[in-house]
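Everything below concerns the one structure shown next.
Each ligand, and each atom within it, is numbered from 1 in the order the structure gives.
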Amino acid sequence: MKLILIGPPGSGKGTQARLLSKKLKIPHISTGDILREVVKNKTQLGQEAQAYMEKGELVPDNVIIEIIKERVSRPDCEKGYIFDGFPRTLTQAQMLDKIFKEKNKELDLVIQFKISDESLTKRLSGRLICSKCGADYNLYFKPPRVGDICDRCGGKLLPRQDDKKNVVINRLKVFKNQTKPLVNYYQKQAKIKDIDADKKSENLNQELLQLIDAEVNPNGLPEKQSFPAESAEE
Ligand code: AMP
């Protein structure tokens with residue numbers, strides 16, 4: 001099963017992709033996470049990407065495509081994967097189609113996360129990430145039990161560098177300009193479905209599973225009809 005989650009920064013794609021990955025037993029591929037890792041490791045690619053990320057701009061398409069090609073060729077991707085934050089431009093989507101064609105594979109479904117500007121602002125301004133284990137929190141919706149300490153591992157919680165106000169404004173602008181054309185592209189392929197992301201994480205996850213079940217693979221999901229409501233903390 002090959003899924004793409006599209007939505008503005010802060011729409012909850014990452015949290016949902018992680019939950020779906022566990023339930024569907026296919027990897028979650030976030031280009032943002034991969035890029036943050038290479039930046040942290042100070043590789044040459046990381047240094048190149050950092051300059052774009054700090055400004056909230058997109059990393060060049062050719063860099064992203066190389067990352068994706070390498071990632072999807074790993075054995076854990078054989079049964080499928082969930083893309084989160086990729087593709088982000090029309091060129092990336094076209095290049096992805098080329099990769100699928102070469103491998104004789106097909107994209108199953110694109111899910112667009114729709115969310116109000118008000119929720120988006122709260123989600124981004126309240127977001128905190130554990131500097132040790134990467135767990136995510138939100139001061140408004142999912143606060144840590146104690147101060148700025150991770151409930152799971154005791155690591156220090158920090159805002160993401162690119163969640164600063166001026167960078168967020170640019171990321172949203174970039175999303176509107178560059179990522180929105182993707183919606184038309186996938187509409188023409190009749191591959192895209194919308195989901196109302198303005199709701200609690202557990203409810204959203206249940207709706208996503210139902211949507212995927214109905215659209216992609218009526219018989220093939222593990223334990224059809226019996227997905228337990230799962231907490232977003234996991
Ligand atoms: P994200 O965590 O998905 O919001 O991504 C964080 C940042 O990484 C973005 O603001 C971009 O600078 C960069 N990035 C992530 N994915 C892509 C992509 N598919 N194409 C270009 N840049 C990306």
> Does the pair Arg74/Asp76 count as a salt bridge with the N-to-O cut at 4.0 Å?
Replying inline: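 Salt bridge between Arg74 and Asp76, a charged N being under 4.0 Å from a carboxylate O: no.
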> Are Asp198 and Lys114 close enough for a salt bridge, meaning some N to O gap below 4.0 Å?
Replying inline: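 No, Asp198 and Lys114 are not salt-bridged.
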> Could you give all pairs that pass the side chain to side chain donor-acceptor pair (under 3.5 Å) test and reach residues 125-135, with sequence neighbours left out?
Replying inline: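 Matches after skipping sequence neighbours: Arg127-Asp163.
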> For Lys69, which residues count as a side-chain hydrogen bond (donor to acceptor under 3.5 Å, both in side chains) partner, sequence neighbours excluded?
Replying inline: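 For Lys69 there are no side-chain hydrogen bond (donor to acceptor under 3.5 Å, both in side chains) partners, ignoring immediate neighbours.
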>> Once side-chain hydrogen bond (donor to acceptor under 3.5 Å, both in side chains) is applied, do any residues pair with Lys164, and if so which ones, sequence neighbours excluded?
In response: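 side-chain hydrogen bond (donor to acceptor under 3.5 Å, both in side chains) list for Lys164, sorted by chain: Gln161.
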> Which parts of the protein, at residue level, reach under 4.0 Å of ligand 1 through a heavy atom?
Replying inline: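 The 4.0 Å shell around ligand 1 contains Thr31, Gly32, Leu35, Arg36, Met53, Glu57, Leu58, Val59, Ile64, Gly85, Phe86, Arg88, Gln92, Arg160, Asp162, Arg171.
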>> Using a 3.5 Å distance criterion without hydrogens, assess whether the side chain of Gln92 forms a donor-acceptor pair with backbone atoms of Arg88.
In response: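 A pair under 3.5 Å: yes.
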